**Student:** 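I'd like to ask you about the structure that follows.
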Amino acid sequence: MRVLGIESSCDETAAAVVEEDGRVLADVVASQVETHAPYGGVVPELASRAHLKAVVPVVRAALAELPRGLDDVDAVAVTKGPGLIGALLVGIQVGKAIAFSRNLPLVGVNHLDGHLLAPDLHYAGAPHSPPPRPYVALLASGGHTALYLVDDDQEAELLGQTRDDAAGEAYDKVAKLLRLGYPGGPIIDRWARQGDRSAVPLPLPMLHRGLEFSFAGLKTAVAQLVSRAGGPEALSEMQVANVCASFQHAVVEVLANKAVAACEDRGARSLVLTGGVAANGALRARAAELAEARGVGLHLPPRSACTDNAAMIAYAGARELAKGARDGWHLTAHSRDPARRRGRFSRDGSPIPRVR
Ligand code: KG4
Ligand code: ZN
């Protein structure tokens, strides 16, 4: 079965075609980074408008990779949430239009399931090693930071998540504080390479406290430091690089240590890093070091599969369709993910109360 996937939950308009075994036949992404850069973050209304402009050319470009275009497609999968409602609706309406014009099955996909399944994708010419199940997945993006245990049936158990900001959100906000530009992740990563991570003391939030995360305090610590120095303009390039190095060190230490701790807790022999922050070189290197020391196999999808894309949506959709799922006309958008707000577990497996 060949599935056309459409993704429009945030600031990437994407379309892809994937075989049900994960082989990627087409993978097209149009980024809106330039639209949102002047604001230091995604502006929902601008995102919806940009999706509207990009979605048809992007879908066309993906279909052009198939010998017979849309005639080669057997089903349509589209991101139904979580995400920006106005942005999601663009992809959903286009998915519905294509499915109904061709009488194809249509299924809505949870964006997070897409990220969790990214390591199964198989790109032509790239090495392919799907992680053995069960695996722990660290999903760290602009909207989410959480650890999951993924089993044979692709069921994902939430092991812990952030209590406040997502890791990518913290990167973006710190970059904005330092007036470095958007998106913050890759920019801070570049600055951090020139800096000394021990020059500026920053907290390692909740490092040895369970599998939950918290990044808001770290961001505030940077804000206070910048304000004490007299604002971002008062910092020398070396100071900016040092702040970036120290901030990145804190985020990477927390993410990598908790991810490996989750594997040990749940007896998982494989760890997957996914989501936009998983494109970070320092995180990949630190996770590799810790995983090797503890005998855990590390699976790193290619960077383009870690950030938002439609191949992961098409593949997750193919798995849903194989289980008999169909949404058709009933498909609607969800800004949040109610299922995943339940099931918060401490490291010994007991539920933890919501902390406000
Ligand atoms: O998964 P993604 O493309 O979109 C969401 O679903 O949020 O993740 C985007 C996030 C942004 O916050 C961006 O700053 C961050 O991923 N990011 C990075 C890197 N590349 C992107 N963070 C750290 N290091 C990177 N190299
Ligand atoms: Zn995402």
Side-chain angles (χ1 to χ4, degrees), residues 5-14 16 27 29-33 36-37 39-42 44 47 51 79-84 87-88 91 109-119 121 137-146 148 161-162 165-178 180-193 213 215 218-219 244-245 247-256 272-287 300-313 315-316 335-337 340:
I6 302 174
E7 153 66 34
S8 69
S9 65
C10 191
D11 61 344
E12 256 99 30
T13 318
D27 185 19
V29 181
S31 166
Q32 303 176 4
V33 161
H36 303 291
Y39 307 95
V42 179
H51 284 304
T79 305
K80 65 179 175 190
L84 304 169
L88 288 163
V109 171
N110 184 307
H111 181 80
L112 306 181
D113 285 339
H115 276 303
L116 293 180
L117 291 177
L121 291 172
L138 168 68
L139 167 50
S141 70
H144 305 274
T145 294
Y148 294 93
Q161 63 185 327
T162 182
D165 290 356
E169 187 181 357
Y171 265 102
D172 295 339
K173 286 177 174 170
V174 166
K176 193 173 178 182
L177 274 169
L178 294 168
L180 295 181
Y182 175 85
I187 299 175
I188 289 189
D189 192 13
R190 275 198 303 278
W191 276 89
R193 280 179 226 153
F213 303 90
F215 294 106
L218 181 59
K219 171 197 67 191
C244 290
F247 168 79
Q248 172 145 298
H249 171 67
V251 175
V252 163
E253 273 310 293
V254 169
L255 291 177
V272 165
L273 303 188
T274 184
V277 181
N280 185 279
L283 175 61
R284 288 173 167 240
R286 184 66 176 134
L300 298 171
R303 281 166 210 251
S304 60
C306 287
T307 50
D308 283 352
N309 66 87
M312 66 185 194
I313 301 302
Y315 178 63
S335 62
R336 287 178 181 264
D337 187 5
R340 280 165 224 246

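This structure is a prediction, so every number in the text was calculated from the model and none was measured. Atoms within each ligand, like the ligands themselves, are counted from 1 in listed order.
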**Student:** Do we see a donor-acceptor contact under 3.5 Å between the side chains of E12 and N309?
**Tutor:**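 No.
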**Student:** Could you tell me which atoms of ligand 1, counted from 1 in the order shown, lie closer than 4.0 angstrom to a heavy atom of H115?
**Tutor:**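 Ligand 1 atoms under the 4.0 Å threshold to H115: 1 (O), 6 (O).
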**Student:** Of all the atoms in ligand 1, which lie at a distance below 4.0 Å from a heavy atom belonging to G168?
**Tutor:**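 Matching atoms, with element in brackets: 12 (O).
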**Student:** Which atoms of ligand 1 are found less than 4.0 Å from any heavy atom of H111?
**Tutor:**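 Counting from 1, the qualifying ligand atoms are 6 (O).
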**Student:** Under 3.5 Å between any N/O of N280 and any N/O of ligand 1: does that happen in this structure?
**Tutor:**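 Yes, there is a polar N/O contact under 3.5 Å.
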**Student:** Can you tell me which residue and heavy atom of the protein come closest to atom 4 (O) of ligand 1, and the distance to 0.1 Å?
**Tutor:**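 Going by distance alone, atom 4 (O) of ligand 1 is nearest to D308 OD2, 3.1 Å.
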**Student:** Does any non-hydrogen side-chain atom of H144 lie less than 4.5 Å from one of T162?
**Tutor:**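 A side-chain contact is absent here, since even the closest heavy-atom pair is not under 4.5 Å.
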**Student:** Could you tell me whether the side chain of L255 reaches within less than 4.5 Å of the side chain of R286, counting heavy atoms only?
**Tutor:**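 No, side chains not in contact.
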**Student:** Could you check whether any side-chain N or O of D172 sits under 3.5 Å from a backbone N or O of G184, counting only pairs where one atom can act as donor and the other as acceptor?
**Tutor:**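 Yes; judged by distance alone, with no hydrogens or angles, the pair exists.
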**Student:** Given 3.5 Å as the limit, does a donor-acceptor pair link the side chain of R284 with the main chain of A278, or not?
**Tutor:**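 Present.
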**Student:** Taking a cutoff of less than 4.0 Å between a non-hydrogen atom of the residue and any ligand atom, is H144 in contact with ligand 1?
**Tutor:**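 In this structure, H144 fails to qualify as a contact of ligand 1 - no heavy atom is under 4.0 Å.
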**Student:** If you look at D308, which of its N/O/S atoms is nearest to the Zn ion (ligand 2)?
**Tutor:**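 Result for D308 and the Zn ion (ligand 2): OD1.
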**Student:** Relative to atom 7 (O) of ligand 1, which among A278, S31, G142, G41 owns the nearest non-hydrogen atom?
**Tutor:**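 Going through A278, S31, G142, G41 one by one, G142 has the nearest heavy atom to atom 7 (O) of ligand 1.
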**Student:** May I ask whether C10 places a heavy atom under 4.0 Å from ligand 1?
**Tutor:**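 No, C10 has no heavy atom closer than 4.0 Å to ligand 1.
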**Student:** Using a 4.0 Å heavy-atom cut-off, which part of D172 comes near ligand 1: side chain, backbone, both, or neither?
**Tutor:**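 Side chain only.
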**Student:** With the Zn ion (ligand 2) as the point of reference, which N/O/S atom of H115 is the closest?
**Tutor:**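 Closest to the Zn ion (ligand 2) among those atoms: NE2.
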**Student:** Just by distance, do the side chain of S8 and the backbone of A87 share a donor-acceptor pair under 3.5 Å?
**Tutor:**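 Side chain of S8 to backbone of A87: a pair is present.
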**Student:** Output the list of atoms in ligand 1 that are nearer than 4.0 Å to some heavy atom of G143, sorted by atom number.
**Tutor:**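 Selected atoms, number and element: 7 (O).
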**Student:** Starting from atom 22 (N) of ligand 1, what is the nearest protein heavy atom, named by residue and atom, and what distance separates them?
**Tutor:**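 Sorting protein heavy atoms by distance from atom 22 (N) of ligand 1 puts G185 CA, 3.2 Å first.
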**Student:** Specify the closest pair of heavy atoms between T145 and A167, including all atoms of both residues, with the distance to one decimal.
**Tutor:**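 Scanning both residues completely, I find the closest heavy atoms to be OG1-N, 2.7 Å.
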**Student:** Aromatic rings F215 and F213: how do their planes relate, parallel, tilted or perpendicular, breaks at 30° and 60°?
**Tutor:**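 It falls in the parallel class, under 30°.
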**Student:** State whether the shortest distance between N or O atoms of G276 and N or O atoms of ligand 1 falls below 3.5 angstrom.
**Tutor:**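 Yes: some nitrogen or oxygen of G276 is under 3.5 Å from one in ligand 1.
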**Student:** When rounded to the nearest 0.5 angstrom, what is the spacing between CE in M312 and OG1 in T274?
**Tutor:**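 Taking CE in M312 and OG1 in T274, the distance rounds to 7.0 Å.
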**Student:** Would one find an N, O or S atom of H111, in either backbone or side chain, under 2.8 Å from the Zn ion (ligand 2)?
**Tutor:**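 Checking the Zn ion (ligand 2) against H111, an N, O or S atom does fall under 2.8 Å.
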**Student:** Using every non-hydrogen atom in the two residues, find where H36 and V42 come nearest and quote the distance to one decimal.
**Tutor:**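 Scanning both residues, the minimum pair turns out to be ND1-CA, 3.6 Å.
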**Student:** Measure from the Zn ion (ligand 2) to each N, O or S atom of H144 and report whether any distance is below 2.8 Å.
**Tutor:**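 No - counting backbone and side chain alike, H144 has no N, O or S atom under 2.8 Å.
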